[in-house]
Amino acid sequence: MFDIGFWELVLISVVGLVVLGPERLPVAIRSVMRFVNSAKSMANSVKDELSQELKIQELQENLKKAEQMNMQDLAPDLQKSVEELKQAALDVHRPYAVSEPEQPSTSSEAPVTDSDSSKPGSAQSNKAE
């Protein structure tokens, strides 16, 4: 990254030792190392995000080219793969979109009807009392 050789590092450490002193030099080195590590992690994060966005863009361009080449002539298994890729591309663009919750087909609680309210242990008859 930086073109610093061994003798440059020795000179920097001697100057740091003279300026900061032996008590504060280790603390300064730790804080500099924390800063360098956080900068590296931030750069890696940005690089990963850009790489992912470029892959998504390439996928979309390939899908558009395939659509322009008349995808109806494709084999059924290739058509299915293309549909899955389209869905994956849409999901990547909306990663935090809330999908609608599925309605359960059977409920654990029985619906309360008028005939149930006449029973002595029902919830509605207890509220009335």
Considering residues at least two apart in sequence or located in another chain, which fulfil the side chain to side chain donor-acceptor pair (under 3.5 Å) criterion with E8? none
Any side-chain heavy-atom pair of K55 and L59 under 4.5 Å: no
Answer with yes or no whether the hydrophobic clustering places [X] together with [Y]; edges join I, L, V, M, F, W, Y residues whose side-chain heavy atoms lie under 4.5 Å apart.
{"X": "V14", "Y": "W7", "value": "yes"}
{"X": "V10", "Y": "L25", "value": "no"}
{"X": "L17", "Y": "I12", "value": "no"}

Taking S13 for its side chain and L9 for its backbone only, find out whether a donor-acceptor pair lies under 3.5 Å. yes
Please check: side-chain N/O of S38 versus main-chain N/O of R34, any donor-acceptor pairing under 3.5 Å? yes
Atom [atom1] of [X] and atom [atom2] of [Y]: how far apart are they, to the nearest 0.5 Å?
{"X": "Q60", "Y": "K64", "atom1": "CD", "atom2": "NZ", "value": "6.0 Å"}
{"X": "I4", "Y": "L11", "atom1": "CD1", "atom2": "CG", "value": "11.0 Å"}
{"X": "D48", "Y": "N44", "atom1": "CG", "atom2": "CG", "value": "6.5 Å"}

side-chain contact (heavy atoms from CB on, under 4.5 Å) evaluation trace for K40 with V36: CA-CA 6 Å; K40 281 183 182 179; V36 169; 4.0 Å; yes
Pick out which of R24, R30, E23 makes a side chain to side chain contact (heavy atoms under 4.5 Å, CB included) with P26. R30
